[in-house]
There are 2 protein chains.
Amino acid sequence: MRTSDQRTVSSKQLGAALRVTPTQIRKDLAYFGQFGQPGIGYDVNELTSEIRRILGTDRTWNVILVGAGNLGMALSAYRGFARKGFKLSAVFDDDPSKVGRPVSGVPGLQVLSMQEIGRIVEERQVRLAIVAVPAEAAQSVAEKLVAAGVKGLLNFAPVNLNVPADVAVSAVDLAVQLEQLSFQVICARSD
Amino acid sequence: MRTSDQRTVSSKQLGAALRVTPTQIRKDLAYFGQFGQPGIGYDVNELTSEIRRILGTDRTWNVILVGAGNLGMALSAYRGFARKGFKLSAVFDDDPSKVGRPVSGVPGLQVLSMQEIGRIVEERQVRLAIVAVPAEAAQSVAEKLVAAGVKGLLNFAPVNLNVPADVAVSAVDLAVQLEQLSFQVICARSD
DNA sequence: TTTTGTGAATTGCTTCACAGCA
DNA sequence: TGCTGTGAAGCAATTCACAAAA
């Protein structure tokens, strides 16, 4: 391995970085095709774009956010978005006093009324939405989003969303995260 | 199965609810001991408390929160905490203008200075902490918490925290969640 | 009967080991 | 020599199938 030449990377290096065996890396990558060259390794640029293609991160996804409360504001200020190819396209809230306010951290964006959801989703071909509203409002918001054509929901409300089978939901449940953590802490203690 | 008598539950019922096979349920539960009765099933109360004991959710965990920005405020207002046996015990921030402010949603709590972390962690036997500070501050906050004796970190900052092996870290990475979601949306389309 | 708990069979995943290419 | 891709081996998780208990 020559650290000066990092146009290629070996399964050994990747494995060390990801804490898995080199064979695991090779098996996993081979599943999607043949990217590497024997004796050389994987071309970093080629591998990066292949993985992007596989994961669907080779395109920019328009994302909308519903809920301009504390959580919504924190999320819209989150910098990791753009870096991973997600563009916060619009923010919605049903509180009239919040509509029209600028969105901190995203120049040129202001909070829109919920009635605009349908129009924006269609116009900008939005497929992903973040639900950051109180629990009691989450289901009806989800239904509005699905009706508008959204296919993936990232749900921060502590409720189960009922959606059609062709819509993906990923829930961020703080309590579950903490439970997992407390379980790990117990296990560590009894080692 | 008699729905009127739900003092017991069978592996079949549990499996249907959790979308796994009844055998899986029995194998998993048997790993921790013998809770069930042949011909009857599992006593709901007994099973519940056994699972609580196994997962460590039979006690109340004191949790502290570092960072009283938008995200921190959203998290402290989160209701699911207490329901799952977690008690938000204190909130810290290094911004002097925030110190002393009341914490919305948690009566009797006010934002404390970072210097108090050591004392509070020791006094209240805190083992879990939530890191809700900007990325650039996260590592030093993590080190302070670990030094104070915290054994589990729930990290919302978009950085990898470097901690000793006996400390558990669970990261909530918005970008990763969105990536998974976009992947699912792609897959659904090609079905 | 109904349903558990568990050996045995099976499936699936991971690692080994090596042929073949650069 | 260095490294990939992959068949074969090894291991772990899941499912099957049934004795035993209620």
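Every chain is numbered from 1, with letters handed out A, B, ... down the list of sequences. Side chains included, hydrogens not; waters and symmetry mates left out as well; all remaining heavy atoms used. Everything quoted here is computed from the prediction, not taken from an experiment.
Checked by atom type and distance alone, the side chain of N62(A) never pairs as donor or acceptor with a backbone atom of S89(A) at under 3.5 Å. Looking only at distances, a side-chain donor or acceptor of Q13(B) sits under 3.5 Å from a matching main-chain atom of S10(B).
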From CA spacing to verdict: side-chain contact (heavy atoms from CB on, under 4.5 Å), L161(B), Q139(B): CA-CA 6 Å; L161(B) 295 181; Q139(B) 180 61 41; 4.0 Å; yes
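The two atoms that bring D93(A) and G69(A) nearest to each other are OD2-N, 4.0 Å, heavy atoms only. The nearest pair of heavy atoms linking N45(B) to D43(B) is N-OD1, 3.1 Å. Summarising the geometry of L55(B) relative to S182(A), their closest heavy-atom pair is O-OG, 4.3 Å, with the distance given to 0.1 Å.
Spacing between atom NZ of K12(A) and atom C1' of dT15(C) amounts to 16 Å, rounded to whole angstrom units. At whole-Å resolution of the value, CG in L29(A) and C1' in dC3(D) are 13 Å apart. Rounded to whole Å, atom P of dG5(C) lies 9 Å from atom CD of Q37(B). Atom OH of Y31(A) and atom C1' of dT15(C) are 19 Å apart (whole Å). Here the C1' atom of nucleotide dG2(D) and the CD atom of Q13(A) are 12 Å apart, to the nearest Å. Look at CD on Q34(B): it is 18 Å from P on dA19(D), rounded to the nearest Å.
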With a 3.5 Å cut-off and sequence neighbours excluded, list the donor-acceptor pairs that the side chains of residues 97-109 of chain B form with protein atoms.
from: S97(B); atom 1: OG; to: D95(B); atom 2: OD1; distance (Å): 2.8
from: S97(B); atom 1: OG; to: D95(B); atom 2: OD2; distance (Å): 3.2

Protein proximity profile, nucleotides 9-17 of chain D - base contact B, sugar-phosphate-only contact S, no contact -, cut-off 4.0 Å on heavy atoms: -----SBBB
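Near DNA chain D, meaning a heavy atom under 4.0 Å away, the residues from residues 38-47 of chain A are P38(A), G39(A), I40(A), G41(A), Y42(A).
Around the CG atom of N160(B), the shell of radius 6.0 Å holds no more than 12 heavy atoms that belong to other residues, nucleotides or ligands.
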